[in-house]
Amino acid sequence: MTRFAPSLALSTLAVGLLGITSTAHAGKPPAPNLSNAEFQQCLDTLKNSSKFRSVDSFTFNTHRPTQPDPSVIQSLNYQPEFQKDTWDYLSSLVDEERVIDGIQAKRQWADTLRQIEARYGVKAEHVLGVWGVESNFGQTLGKKPLFESLATLSCFDRRQSYFRGEFANALKIVQRGDVSASDMTGSWAGAFGQTQFMPSTYLDLAVDFDGDGRRDLVNSVPDALASTANFLDNRGYRSGEPWGYEVKIPAVYWGASDRKNKNCMSYWRDKGFTLADGRPLPYDLSSAGLLLPAGQDGPAFLVGKNFDAFYSYNASENYALAIAHLSDLIEKEQSYKTDFITPWPTDDPGISRRQAREIQQALLNAGYDIGEVDGIIGDNTRTAIRQYQTSQGVFPADGRAGQKFYRLIMANSGNMSSNTSPTNRSSVWQSPNTYGQPASATEYGNRYGQSASQSSSQPDRMATLIKQSGQQDGYNNRYRRVVGADGVTRLIRVDDGQ
Ligand code: CA
C-alpha cells in the first residue's frame, strides 16, 4: 500500500493538521514560488482531461482558482521536527473537555443516534468517538478553500493523479448541489466537513439522513453522523461488539503483539490474559489481536474488528485508540479520569488541551511570543518551552510540554486553571460534579498537585504589562506580546484576530 493509495490515508494528514499540529510552524520550510502561468496552463489541461469529463464547464469555470496556494505545498512538505509519544498524542485528543463535549453531544443528539444505530448497527458512542476526534464534534472543520488546495496539489504535487481525482470529485459534489461552494473548506489536503471525508469518500459513502435530499456533511449533524456510521459499516464493523478492552498481560508471555494476528477469546484466556482490573475476559468479541502501543510495560489492549474499522478511518493505531478510548469514556460519562488503568511507561505523562492553554498563557505572561493561545503545542510553543527550560536550568531542554513542565511553569507563575479556563466552559467547570469533574478550584488544585492558595494570586508581571498597554479589562482576555523593532513591548488582544 502506498502512502496515499486509500483516500483515507490522506486524512491522516488532515487530522494531524486540524487536531494536533499548530497552524503556525517555526519549523516549516519556506513557501515555494509557484508560477501562476504554469498553474493556469495546468488547469486548462485538466479541464479537458478524462478525470474531469463529468464536470460541466460552468462548474469548472465558476470554481476555477485564480491562483495557486503555495502554503498547501508547504504543508505537504512539512515534517514535524518533534515526534510525539503515544501518551502525548492521546492526552490531547482524549482529555476531559472532549469527553464532556461528547457527553453533551450524546444527550443533544440522542434520538438521531438511536435511529442511526437502528439503521447501520453502529453504537452511538463509536460514532461520537469518531466525530470527536475528527472534528471536535463539528467545531473544527478547517478553513482552507478546497478548490484552491486541491487544484494546487493537482498541479504542483508529485501525487498529482490522486489529487486530480479528488479535485474533480470536489467539483462534482458542488455540481450536484449537495454542498454549497462556500462550504467547501477544509484541511489543506482536501478533507472537509464534520466527518473530514475526502471528496471521493464523500461520493462513495456520504448519506442524507435528515431527509432534505442533500448529503450535507458540513451543516447537517444527522447527515454527518449517519455518514460516519455508514463508513464504519462499510469497513467491516460488527454490530453489538465492543472495540476491544484494556487488558493485563500475564507475567510470562512471549507471544506476538500484532493487532492483525487475531484469535478467539478463549485463546487469550488460556494464555492468562484478564481485563486490566483483573476480571476475566468477556466472550463478546468474535476475535481479537494484541495491541501494545508503548511496549510490554505500558497499557495493553485486545482489539477486535471494530477497532480495525476505526483504524481504516485514518490508518493509525494511535488514532484508532483515541477513538476507542473516547468512546468508552463518553459511555461511562467519565471525564475526570482519562487515563488507562495501566499507566504509560513514563514519569512525565502528557497534558490536556486546557493545560496546554495554561502553559501558553504562562509563557506569554513571561514574555515569550508563542503566537495565539490555542491549546495546540506547535513549533512556536516548543521553541519557547525550550528557551524557558534553559532559563530555568532544566536538563534536557527538550521543548516538550509534559506534566513536569506544566507543574514547573505553573509554580513559577503562581497561576491556576481558574484564570485561564475558557469562559464558555466556566459553567461546566464549576457545576458541582455533573460529569464527575472537580466541584471547586480547590479540588482542581489538589488534583493537579497545586495548592488552592496559588489560584488567588495573579502574576504581577501580567498586570504590569496589561496596564502598560492600556488594556485593563481583566485576565480572561488573551494577549499576544509583541516586541517591536523599536524595542517597545506591546500586547495585542488575540481575540481581535491579530
Ligand atoms: Ca441532508
Stepwise salt bridge (charged side-chain N to carboxylate O under 4.0 Å, His left out) test for Asp258 and Lys260: CA-CA 5 Å; Asp258 176 6; Lys260 287 174 254 174; 5.3 Å; no
Test log, rule side-chain hydrogen bond (donor to acceptor under 3.5 Å, both in side chains), inputs Thr338 and Asp95: CA-CA 6 Å; Thr338 56; Asp95 61 10; over 6 Å; no
Steps toward side-chain hydrogen bond (donor to acceptor under 3.5 Å, both in side chains) verdict (Asn412, Gln392): CA-CA 10 Å; Asn412 285 351; Gln392 297 289 310; 3.0 Å; yes
Nearest-0.5 Å distance that lies between atom [atom1] in [X] and atom [atom2] in [Y]:
X	Y	atom1	atom2	value
Leu150	Met184	CG	CE	8.0 Å
Ile116	His126	CD1	NE2	14.5 Å
Leu302	Tyr245	CG	OH	9.5 Å
Tyr368	Leu363	OH	CG	7.5 Å
Ser220	Gln194	OG	CD	8.0 Å
Trp87	Ile351	CH2	CD1	14.5 Å

Step-by-step side-chain hydrogen bond (donor to acceptor under 3.5 Å, both in side chains) determination, Thr274 to Arg279: CA-CA 6 Å; Thr274 64; Arg279 286 178 297 148; over 6 Å; no
Cation-pi check, Arg259 onto Tyr311 ring (under 6.0 Å, within 45° of axis):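 Judged by the rule (NZ or CZ under 6.0 Å from the ring centre, within 45° of its axis), Arg259 counts as positioned above Tyr311.
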So [X] and [Y], would you call those rings parallel, tilted or perpendicular, with 30° and 60° as cut-offs?
X	Y	result
Tyr388	Phe405	perpendicular
Phe307	Trp243	tilted
Tyr313	Phe197	tilted

Salt bridge check: are [X] and [Y] linked by an N-O gap of less than 4.0 Å?
X	Y	value
Glu358	Arg353	no
Asp374	Arg357	no
Glu96	Lys337	no
Asp348	Arg400	yes
Glu97	Arg354	no
Asp347	Lys404	yes
Lys262	Asp308	yes

Short side-chain to backbone donor-acceptor contact, Thr342 and Pro299, under 3.5 Å: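 Flag not set: sc Thr342 to bb Pro299 has no pair under 3.5 Å.
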Any donor-acceptor pair under 3.5 Å from Asp223 side chain to Asp210 backbone: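 Answer holds: yes.
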Within the 6.0 Å centroid threshold, strictly below: Phe273 and Tyr253: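 Yes, the ring of Phe273 comes within the 6.0 Å limit of the ring of Tyr253, centre to centre.
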Within the 6.0 Å centroid threshold, strictly below: Tyr237 and Phe231: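 Between Tyr237 and Phe231, the centre distance exceeds or equals 6.0 Å.
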Qualifying residue, where the test is side chain to side chain contact (heavy atoms under 4.5 Å, CB included) with Tyr120 and the options are Val127, Leu225, Asn230: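 Going through the options one by one, the only one that passes is Asn230.
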Pair Tyr89-Tyr319, ring pair (Phe, Tyr, Trp, His ring centres under 6.0 Å): steps then yes or no: CA-CA 8 Å; Tyr89 181 85; Tyr319 170 90; 7.6 Å; no
CA sep, side-chain torsions, deciding dist, call: Thr381, Gln360, side-chain hydrogen bond (donor to acceptor under 3.5 Å, both in side chains): CA-CA 7 Å; Thr381 306; Gln360 290 178 318; 3.2 Å; yes
Donor-acceptor pair between Gln115 and Asp111 side chains, under 3.5 angstrom: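 Distance-only check fails for Gln115 and Asp111.
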Least distance between heavy atoms, Ala206 atom then Leu217 atom: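 Residues Ala206 and Leu217, closest heavy atoms: CB-CD1, 3.9 Å.
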